[in-house]
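These notes are about the structure you will find just below.
Atoms considered below: every heavy atom in the structure, side chains included; atoms not considered: hydrogens, waters and symmetry mates. In this chain, numbering begins with 1 at the start of the sequence shown.
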Amino acid sequence: MTAPTVIPGASGTPEAPGTAEVPGTGTPGARATQRRNFRRGVLRVLRRKPSRIVGVAILAVFAFMGIFGPLLYPARLPRDDDALYAAPSWAHPFGTDFEGTDVLALVVTGARYVLLTALVTAVITVAVGTSVGLFAGFRRGRWDSVLMRITDMKLTIPALPLLLVLSTVWKFTGPLQMGLVLGLLGWGGVARAVRAQTLSLRERGFIEAARGLGLSTRHIIGRELLPSMAPFIAMNMLIAVTGAVYAQVGLFFLGVLPFDANNWGVMLNLAVFGGGALTTTAALPYMLAPLLAILLLTLGIVLVVDAMDEIFNPRLREE
């Protein structure tokens with residue numbers, strides 16, 4: 001999925017620093033008015049399509065699961081030896097697993113590992129990719145050539161085979177380590193996209209004015225370019241979350257990572273290879289529950305990205 005193009009400095013987007021200001025807009029009262037108008041615009045965009053409100057609600061539910069989910073259940077989930085692979089019921093909406101443990105409880109408690117890994121991955125991906133893309137696109141010349149060649153080399157490395165090799169020499173003991181590795185392997189596309197945006201912005205009048213005033217490169221990038229690209233970067237971060245979820249769940253499903261913690265990938269592996277979910281209906285709910293969680297999370301992110309595209313793109317609001 002490709003991140004939508006954002007038009008920095010356009011109506012409805014954060015105004016690019018250095019552009020002409022209307023007298024009085026720099027006062028605290030004017031800024032407060034702008035913030036109120038922005039919030040009203042966000043609510044208006046969300047109300048135009050109820051599906052966008054559904055997307056926000058879905059992400060809020062998953063955020064709640066990741067933060068408070070493990071606190072809703074005991075450290076060791078209860079087991080029922082008389083209800084192995086029990087069918088869905090009011091007591092167990094998604095049935096039980098091979099140990100008689102409630103599948104819904106496993107999905108809720110396993111959300112923290114998956115979401116924390118995805119968040120760390122997205123932060124590192126966006127931070128590294130944005131830094132490289134901004135600096136390369138603004139400086140051009142030798143720095144641009146060197147950084148883009150490094151980025152091209154990174155993009156040519158197949159991520160999955162490399163992860164399989166790394167898993168044999170480095171045991172991923174937690175979501176932070178997993179997120180670090182996935183983030184360092186996934187920043188290339190963001191760097192390329194941010195560089196393209198930077199090359200377009202660097203020729204704008206407010207950047208030329210900042211250079212003419214002798215402002216430092218750090219100031220121009222941090223105070224002039226970065227705020228204008230914040231919406232584009234935010235959407236790339238949400239998209240990076242989905243990629244991180246797919247990557248880590250896939251690795252656990254293939255069984256190349258140790259099952260040190262409960263998460264959705266472990267559930268899929270045990271349901272398919274241990275419970276025979278593909279050949280018998282007994283373990284089918286055990287497999288479908290984490291798949292449904294992944295599907296809903298992806299759907300929520302897609303709906304929110306659609307809303308963000310209209311919030312920061314005035315052409316879509318005018319249609």
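With hydrophobic clusters built from ILVMFWY side chains whose heavy atoms lie under 4.5 angstrom apart, V165 does not share a cluster with L163. Side-chain heavy atoms closer than 4.5 Å link hydrophobic residues (I, L, V, M, F, W, Y) into clusters, and following such links, even through other members, never connects L199 to I233. Residues M308 and V54 fall within the same hydrophobic cluster, defined by Ile, Leu, Val, Met, Phe, Trp and Tyr side chains chained together at heavy-atom separations under 4.5 Å. One hydrophobic cluster holds both L291 and V108 under the rule that ILVMFWY side chains link at heavy-atom gaps under 4.5 Å. A single hydrophobic cluster is not seen to contain both I157 and M153; linkage of ILVMFWY side chains at heavy-atom distances under 4.5 Å, directly or through other members, places them apart.
The shortest heavy-atom contact between A118 and A244 is CA-CB, 3.7 Å. P88 approaches P93 most closely through the heavy-atom pair CB-O, 3.2 Å. Across every non-hydrogen atom of W264 and G110, the tightest pair is NE1-C, 4.0 Å. Between F98 and Y85, the shortest heavy-atom contact is CB-OH, 3.3 Å. Nearest approach of P175 to Y113, heavy atoms of both residues: CD-CE1, 3.7 Å. Between P285 and V103, the closest heavy-atom pair is O-CG1, 4.3 Å.
A donor-acceptor contact shorter than 3.5 Å is absent between the side chain of K154 and the backbone of W187. When atom types are taken as modelled, the side chain of T280 and the backbone of G276 share no donor-acceptor pair closer than 3.5 angstrom. Between the side chain of T96 and the backbone N or O of T101 there is no donor-acceptor pair closer than 3.5 Å. Within the 3.5 Å criterion, the main-chain N or O of H92 finds a donor-acceptor partner in the side chain of S89. Judged purely by atom type and a 3.5 angstrom limit, Q248 uses its side chain to pair as donor or acceptor with the backbone of V114.
When side chains are defined from C-beta on, V107 does not count as touching L292, because their heavy atoms never get closer than 4.5 Å. L180 is not listed as a side-chain neighbour of L176, based on a closest heavy-atom distance of 4.5 Å or more. When side chains are defined from C-beta on, M287 does not count as touching L270, because their heavy atoms never get closer than 4.5 Å. Annotation: side chain of D306 is in contact with side chain of K49 (closest heavy-atom distance under 4.5 Å). Counting only heavy atoms from C-beta outward, the side chains of R52 and V304 never approach each other to under 4.5 Å. At a threshold of 4.5 Å between non-hydrogen side-chain atoms, the residues V266 and F253 do not count as touching.
Once rounded to the nearest 0.5 Å, the distance linking CG of N263 with CG of L268 reads 9.0 Å. Here the CZ atom belonging to F252 is positioned 4.5 Å from the CE atom belonging to M178, to the nearest 0.5 angstrom. Within the model, atoms CG of L155 and CZ of R192 stand 7.5 Å from one another, a figure rounded to the nearest 0.5 Å. Separating the CG atom in D102 from the CG atom in L106 is a distance of 7.0 Å, to the nearest 0.5 Å. In this structure, CG on L225 lies 6.0 Å from CG on L201, to the nearest 0.5 angstrom. One finds the CZ atom of R48 at 12.5 Å from the CD1 atom of I53 (value rounded to the nearest 0.5 Å).
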Pairs under 3.5 angstrom only: tabulate donor-acceptor contacts from the side chains of residues 57-77 to other protein residues two or more places apart or in another chain.
none

For residues 124-142, which side-chain N or O atoms pair as donor and acceptor with protein atoms under 3.5 Å away, sequence neighbours left out?
| residue | atom | partner | partner atom | Å |
| --- | --- | --- | --- | --- |
| T125 | OG1 | T121 | O | 2.7 |
| T130 | OG1 | V126 | O | 2.6 |
| S131 | OG | A127 | O | 2.7 |

Please lay out, stage by stage, how M235 and L238 fare under the test side chain to side chain contact (heavy atoms under 4.5 Å, CB included).
-> CA-CA 5 Å; M235 285 187 282; L238 285 176; 5.6 Å; no
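Residue pairs meeting the side-chain hydrogen bond (donor to acceptor under 3.5 Å, both in side chains) criterion with at least one member in residues 283-298, sequence neighbours excluded: Y246-T298.
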